[in-house]
Amino acid sequence: MTVASQVKQTLAGLKSVQGTLRIYSTQSQDEETVSIYKEALETTQAVINDLEKRVQVLEFQEPQYRGN
Amino acid sequence: MQMWLQILYRSIALFIIVLVATRILGKRNIARVPLYKLVSYYAIAVIAVLISLNIVKEVAFGFIALGVWVLFPLLLDYLSLRSKRFHDLINGKETVLIKHGKIMEDNLKRTRLTGEELLRELRSKNAFNLMDVEFAVMETTGEINAYLKSDKKPVSSHDLGIITAPQAEPQTVILDGNALNESLASLGLNKEWLNIQLENMGVSLDNVFLGQVDSSGDLYLDLFDDAIELPESKVKEMIYANIEKAQASLTTFALETEDDSAQAMYDKNAQKLKQLMAKLNPCLLR
């Protein structure tokens with residue numbers, strides 16, 4: 001597996017985590033818990049943005065593996 | 001009118017009157033009401049029986065007596081609510097039986113309680129060893145409550161220094177195969193949501209005896225058919241595990257990459273995820 005595809009896999013995992021966190025942030029009854037989930041959403045979003053940027057750089061460096 | 005008919009009518013009428021009277025008198029636990037109320041309950045019962053069996057010849061006299069026994073407790077309740085002094089006068093004050101771990105013999109004598117009785121009451125509060133009791137008090141209802149010494153109290157998560165996620169009470173959304181719209185609405189959910197959840201679990205609404213939604217919005221079901229084994233929801237544990245996995249991968253990337261700025265980025269994000277895990281731990285794992 002190339003580095004780019006490994007990073008992409010991690011990215012996909014984080015996105016799925018973010019989706020589930022979003023469900024919990026909407027259906028939780030306790031406000032404190034909701035705010036923790038919201039914070040978690042922001043943090044994961046920041047990490048996802050960084051990783052996406054990194055994927056672009058990697059794809060630029062290894063164009064032969066683009067799309068994997 | 002025939003005698004038996006008369007008794008029948010009176011009994012039915014009095015049953016309804018007594019029902020209304022006891023509803024007015026309130027819904028406190030019968031074992032925890034002050035004595036005067038207990039006495040008035042008995043008096044109401046006896047008077048009602050006497051009237052219904054035609055032992056009280058003049059019905060009006062019977063009702064006067066009944067009225068007094070119903071209205072006086074109400075009046076006393078009202079006055080006790082208004083004035084603290086009146087409340088103490090009527091209900092008395094609680095008596096301290098054990099203070100700083102020592103039995104107050106004078107107070108014990110005043111409440112006419114023997115040592116054995118005190119020990120029996122304490123045992124019923126799970127304090128078998130007198131040494132463990134810091135403070136005990138006889139309430140005005142005669143009930144004895146004990147406060148254990150701090151090292152003998154049950155351990156709470158606070159004592160252990162563990163942060164737990166706040167949890168509200170669960171709501172029952174399915175009862176006997178029927179969806180309860182009211183409790184669903186109070187959670188901000190609707191029947192469509194419930195149908196989707198049930199479909200995901202592969203059960204039909206008719207087969208559910210009881211369904212509860214906890215404060216994080218997870219549905220727990222009990223089915224009529226106990227042979228069906230429902231998978232326990234592990235979604236939260238899965239999220240946590242996935243974050244953990246992502247964090248480990250980022251650390252690996254940081255070690256493998258030769259680009260300095262990428263390494264810094266991976267390290268920073270791995271750190272972020274680690275802090276996130278610490279924060280989410282109480283919500284997701286406990």
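This is a predicted model, so every value here is computed, not measured. Only heavy atoms go into these numbers, but all of them, side chains included; no hydrogens, no water, no symmetry mates. Chain letters run A, B, ... following the sequence lines, proteins first and then strands; every chain starts at 1.
In this structure, chain A has a heavy atom under 4.5 Å from the side chain of B:Asp259, while its backbone stays farther away. Looking at B:Tyr266, the atoms closer than 4.5 Å to chain A (heavy atoms on both sides) all sit in the side chain, from C-beta outward. At a 4.5 Å heavy-atom cutoff, B:Ser261 makes no contact with chain A through either its backbone or its side chain. With a 4.5 angstrom heavy-atom cutoff, A:Ser16 touches chain B only via side-chain atoms. Of the atoms belonging to B:Leu276, it is side-chain heavy atoms, and not backbone ones, that fall under 4.5 Å from chain A. The parts of A:Val7 that come within reach of chain B are both its backbone and its side chain, each placing non-hydrogen atoms under 4.5 angstrom from that chain. With a 4.5 Å cut-off on non-hydrogen atoms, B:Lys268 touches chain A through its side chain but not through its backbone. For B:Glu256, the part lying under 4.5 angstrom from a heavy atom of chain A is the side chain only.
No side-chain heavy atom of B:Leu180 sits less than 4.5 Å from a side-chain heavy atom of B:Glu182. With contacts defined as side-chain heavy-atom distances shorter than 4.5 Å, the pair B:Ile144/B:Glu139 does not qualify.
Nearest heavy-atom pair, B:Lys279 versus A:Ile36, reported as atom, atom and distance to 0.1 Å: O-CG2, 4.1 Å.
Taking a 6.0 Å sphere around NZ of B:Lys274, one finds it holds 12 or fewer heavy atoms contributed by other residues, nucleotides or ligands. The environment of NZ in A:Lys38 is sparse: at most 12 heavy-atom neighbours from other residues, nucleotides or ligands sit within 6.0 Å.
The pair B:Glu134-B:Lys153 does not meet the salt-bridge criterion, since no charged nitrogen lies less than 4.0 angstrom from a carboxylate oxygen.
With chain B as the partner, the residue from A:Thr26, A:Ile23, A:Thr43 showing the most heavy-atom pairs under 4.5 Å is A:Thr43. Looking only at heavy-atom pairs under 4.5 Å with chain A, the residue among B:Val235, B:Asp214, B:Leu189, B:Thr257 that has the most is B:Val235.
A side-chain N or O of A:Gln45 and one of A:Asn49 form a donor-acceptor pair less than 3.5 Å apart.
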